[in-house]
There are 2 protein chains.
Amino acid sequence: MDIQLKRGLLDVCVLAAIKDEDSYGYKIIKDMKPYIQLSESTLYTILKRLETAAMLTVRTAEHGGRLRKYYRITPAGKRRIEEFKGEWQEMVSIYRFVTKEDTDE
Amino acid sequence: MDIQLKRGLLDVCVLAAIKDEDSYGYKIIKDMKPYIQLSESTLYTILKRLETAAMLTVRTAEHGGRLRKYYRITPAGKRRIEEFKGEWQEMVSIYRFVTKEDTDE
DNA sequence: TCGCATACTTCGTGTTACGATGTATTACGT
DNA sequence: ACGTAATACATCGTAACACGAAGTATGCGA
């Protein structure tokens with residue numbers, strides 16, 4: 001999939017990946033993989049950005065003798081997902097503009 | 001609309017704006033305005049990029065004593081639009097991932 | 001013990017959308 | 001005649017961003 005097309009989707013996808021239960025980096029990548037692929041460096045950049053924007057909170061916990069960072073969505077993060085639903089409608093209208101046939105043909 | 005979300009749409013929108021008949025910068029901006037807004041500097045960057053990618057050709061013509069650059073879509077440009085339709089299906093599946101409700105709620 | 005999966009981090013780079021600014025001509029109102 | 005807006009295209013610098021590459025470290029199975 002085209003990188004540019006992915007850009008607007010990535011942040012909101014990561015939020016969606018943690019919206020039902022807390023998750024951590026590696027798991028987020030695996031959960032998203034069937035829908036959208038991203039590298040580790042990209043994910044951690046996004047997580048940092050979303051944390052700065054207060055759309056998620058981070059908690060470090062031990063798991064199997066190893067440290068994991070668990071991410072939890074905040075109300076602001078959930079609002080972002082709702083906002084995206086509205087933007088999606090705009091996208092749909094753009095899609096129709098792009099694909100609409102000329103009346104002559 | 002979120003800038004990131006626009007990114008993947010812009011190129012293909014410009015192609016859509018010229019796909020039925022040749023057009024020029026100012027007109028393209030006005031035609032796209034109801035769906036997606038972009039500045040002149042952005043448009044001319046995109047037009048240059050699409051020309052380099054051989055998705056459109058340019059022709060300079062006089063109009064009302066003033067020079068205008070008319071842009072015409074190429075077969076490669078039309079293929080790009082078709083390709084976008086496929087990518088859109090991926091977008092739809094991502095949208096569903098983002099908005100799907102937890103089965104418990 | 002060797003390699004693989006897990007898990008997170010940092011750095012440099014190329015693409016890109018945009019605002020600011022500039023140039024020039026036409027059209028229109030007063 | 002004169003000023004202002006609209007038309008039309010161009011360039012420059014900047015900041016956001018996704019990514020590959022590389023690094024660090026641990027647990028686990030063959």
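Only a predicted model underlies this, so the values are computations on that prediction, with no experimental measurement involved. Order of the sequence lines sets the chain letters (A, B, ...), proteins ahead of strands, with each chain counted from 1. Side chains included, hydrogens not; waters and symmetry mates left out as well; all remaining heavy atoms used.
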Are A:Met32 and A:Tyr70 connected in the hydrophobic side-chain network, where two residues link if heavy atoms are under 4.5 Å apart?
-> no
NZ of A:Lys69 versus C1' of C:dT10: gap in Å, rounded?
-> 13 Å
Can you tell me how far P of D:dA16 sits from CD1 of A:Ile3, to the nearest Å?
-> 19 Å
Identify, between B:Thr42 and B:Lys27, the residue whose nearest nucleotide on DNA chain D lies closer to the 5' end.
-> B:Lys27
Length of the CE-C1' vector between A:Met32 and D:dC19, whole Å = 14 Å
Could you tell me whether the phosphate oxygens of C:dA7, OP1 or OP2, come under 4.0 Å of any side-chain nitrogen or oxygen in A:Tyr24?
-> yes
Would one find a side-chain N or O of A:Tyr44 under 4.0 angstrom from OP1 or OP2 of C:dC8?
-> yes
Checking all strands, does A:Glu40 fall into the base, sugar-phosphate, or nothing category for heavy-atom contacts under 4.0 angstrom?
-> base
Any chain of hydrophobic side-chain contacts (each under 4.5 Å) joining B:Leu56 to B:Ile36?
-> yes
How long is the line joining NE2 of A:His63 and P of C:dA5, in whole Å?
-> 19 Å
Of all the nucleotides listed (C:dT10, D:dA18, D:dT7), which has the minimum atom distance to the side chain of A:Arg49?
-> D:dA18
Got a sec: does the CZ of A:Arg59 have more than 12 other heavy atoms crowding it under 6.0 Å?
-> yes
Count the heavy atoms of every other residue, nucleotide or ligand shown that sit under 6.0 Å from NZ of A:Lys85, and state whether that count exceeds 12.
-> yes
Between A:Leu10 (CG) and D:dA16 (C1'), how many Å, whole number?
-> 13 Å
Given the rule that I, L, V, M, F, W and Y join up when any side-chain heavy atoms are under 4.5 Å apart, are B:Val92 and B:Ile81 in one cluster?
-> yes
So what does B:Arg66 hit on the nucleic acid, given a heavy-atom distance under 4.0 Å: a base, only sugar-phosphate, or nothing?
-> base
Please check the phosphate of D:dA6 (OP1 and OP2 only) for any side-chain N or O of B:Lys30 closer than 4.0 Å.
-> no
The nucleotide from C:dC18, D:dT7, C:dA7 with an atom nearest the side chain of B:Tyr26 is D:dT7
Taken to the nearest whole Å, CG/A:Leu47 to C1'/C:dT10 is 15 Å
How close or far is atom C1' of D:dA16 from atom CZ of A:Arg7, stated in whole angstroms?
-> 7 Å
Taken to the nearest whole Å, OH/B:Tyr71 to C1'/D:dA10 is 10 Å
